[in-house]
Amino acid sequence: MYLADRSAPAPEGAKTAPDRGPVRAPAVASTVLALGAVSMITDISSEMVTAVLPLYLIAGLGLSPLGFGALDGVYNGVSALVQLTGGHLADRVRNHKLIAGIGYGLSALCKPLLLFAHSLGPISVILTLERTGKGLRTAPRDALISLSTPPELQGRAFGVHRAMDTTGALLGPLAAFLILSLTVDGYDAVFGVSACVAVLGVVVLMLFVPSGVDPVPTPSAASAKATPAKAVAAGGVGTAATARDADRPAPVRLRDALGLLRLPRLRNLAICAVLLGLTTVSDAFVYLLLQRRTGIGDQWFPLMPLGTAAVFLLLAVPAGALADRIGRRTVFLTGHALLLAGYTLLLWAPAWPALPFLVLALHGMFYAATDGVLPAAVAATVPGELRATGMALVGTGQALARFGCSLAFGAAWTLWGTGPALAAAAAGLLCCAAVAGFVLRPSAPQDTR
């Protein structure tokens, strides 16, 4: 994809080719596309397991909804806690690819272990390790995307990445469905194929993602770099040493990371991510609720995530571009309004044939409007040398909140049933969205995004 306004004058700093006019830079960096390919392959592997896991644990191992809620919460909570470590390490060692690669590798190593685990204890340990890998890789990967993209195109870049990632989420459940249909011992076959695909994702990361990405320069950064160069020309050897010291980045300390929460805009984003995460019901629970409400057969259960993934895939890039244009706050809050509409349909709509399609479409629209838009908003508030840490802070808060929501929703389902549990989640989402709209209100022209 390329910027196509050929009638506009060449921007300052644009490269030109002889007799061919200005050469436009790609609207999406090659690093973003390479990371999108890695995420797509890895998501095929992960979603193959995720698609069958609720049915495997509840129908196969007899786990209660409360037990599944606790496991699902731990599954996501571990990823949240490790996310902080991954983000800080990536900024500290200044090698985002290394930390992301360790995370992808750990997740790949866990997939074949599922072949040998047939009870709740070992499965819980393996899933915890797999989520540890996800937590390590998430913030460094998103930092690589943001550092390779101009600020005005952050939403589009994250939209492209999430679209490629969601292609994997679309293909993974489909692969699981086909394997379960064609094999006798279906679950083990799903786990085995998932392991092979995960290894391929690590190989693509090693071969095609660059080891280091310099932040996209801004006018202020360019002038800052020009100052040492001029000093070298005027001051000789001693000044050259000073310039080299100025170019050497200062080490990132844990105190610097915690100090990010003193930034008002980042703090507001973190607060809103936590509030809304507390009322975001786990995807697995949404699919289980939809199955029980509509009577969908067990053999069709792995296909439910396909509806969410298909809508997410179609709308991720347009939603990201729209957020760049009209403001990320507006798109982000609209996404949660769509999720609230999905809850409402599950609660009160008649059980007519179109209900599953409507709920899954709203679910996918919610992710398209929020999943890439939030990190794009965070990237606009955090300096480049602490980009992964800032993203990890917000991501950790959101994931821990969803961990709490899984525990609470599982307990409410067990004690009161699905209706009261979902009604409480819907009421909470409405209240938290109203608070988030107030907290994120634009206080100055530069805050509208």
Side-chain angles (χ1 to χ4, degrees), residues 36-63 68 71-72 75 104 107-120 122-124 126-127 129-131 133-134 163-204 282-314 353 356-357 359-361 363-364:
V38 174
S39 294
M40 179 178 66
I41 295 169
T42 303
D43 236 36
I44 292 174
S45 171
S46 297
E47 293 301 323
M48 287 176 66
V49 175
T50 302
V52 302
L53 197 60
L55 199 61
Y56 179 58
L57 293 176
I58 292 178
L61 299 183
L63 196 63
F68 178 75
L71 181 61
D72 187 68
Y75 188 66
Y104 280 109
S107 294
L109 285 174
C110 290
K111 297 295 177 17
L113 297 180
L114 288 170
L115 291 168
F116 308 102
H118 298 287
S119 61
L120 183 59
I123 288 176
S124 300
I126 293 169
L127 293 180
L129 290 174
E130 200 276 337
R131 289 294 95 177
K134 179 176 175 59
M164 296 180 72
D165 181 87
T166 307
T167 302
L170 191 68
L171 296 175
L174 182 60
F177 172 75
L178 292 175
I179 292 171
L180 288 176
S181 301
L182 298 175
T183 59
V184 177
D185 196 4
Y187 292 116
D188 282 350
V190 168
F191 299 151
V193 174
S194 172
C196 296
V197 176
V199 172
L200 177 60
V202 177
V203 172
V204 173
S282 166
D283 293 357
F285 276 128
V286 170
Y287 302 141
L288 287 170
L289 287 168
L290 191 56
Q291 183 196 32
R292 297 197 174 196
R293 179 70 191 277
T294 59
I296 296 173
D298 288 351
Q299 73 274 20
W300 302 106
F301 187 87
L303 292 182
M304 282 198 206
L306 291 179
T308 297
V311 176
F312 189 3
L313 173 62
L314 290 173
F357 300 99
V359 172
L360 294 177
H363 202 222

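Only this structure's heavy atoms are used, side chains among them; waters, hydrogens and symmetry mates stay out.
The CD atom of E130 sits 5.0 Å away from atom OG of S46, with the distance rounded to the nearest 0.5 Å. To the nearest 0.5 Å, atoms CG (L313) and CG (D165) are separated by 10.5 Å. The OG1 atom of T42 sits 11.5 Å away from atom CD of E47, with the distance rounded to the nearest 0.5 Å. Atoms CG and OG, from L129 and S124 in turn, are 11.0 Å apart once rounded to the nearest 0.5 Å. In this structure, CG in L174 is found 8.0 Å from CZ in F177, a value given to the nearest 0.5 Å. Separation of atoms OG (S39) and CD1 (I44) is listed at 11.0 Å; rounding is to 0.5 Å.
Across all non-hydrogen atoms, the minimal contact from V311 to A361 is CG1-O, 3.5 Å. A pairwise comparison of heavy atoms in M40 and M164 identifies CB-O, 3.1 Å as the closest pair. In plain terms, the two heavy atoms of A108 and V199 that are nearest each other are CB-N, 4.2 Å. D188 and L115 get closest at one heavy-atom pair: O-CD2, 3.0 Å.
At least one side-chain heavy atom of K111 sits under 4.5 Å from a side-chain heavy atom of S45. Within the 4.5 Å cutoff, the side chain of L360 has heavy atoms near those of the L290 side chain. Contact check for P356 versus I296: side-chain heavy atoms found under the 4.5 Å cut-off. For the pair D283 and T308, the minimum side-chain heavy-atom distance is 4.5 Å or more. Within the 4.5 Å cutoff, side-chain heavy atoms of T167 are placed close to those of L171. Contact check for S107 versus Y104: no side-chain heavy atoms found under the 4.5 Å cut-off. Contact of the R292 side chain with the Y287 side chain is not registered, since no non-hydrogen atoms from C-beta on lie closer than 4.5 Å. Between D43 and T166 there is no side-chain heavy-atom pair separated by less than 4.5 Å.
Without hydrogens or angle criteria, S194 side chain to V190 main chain gives no donor-acceptor distance under 3.5 Å.
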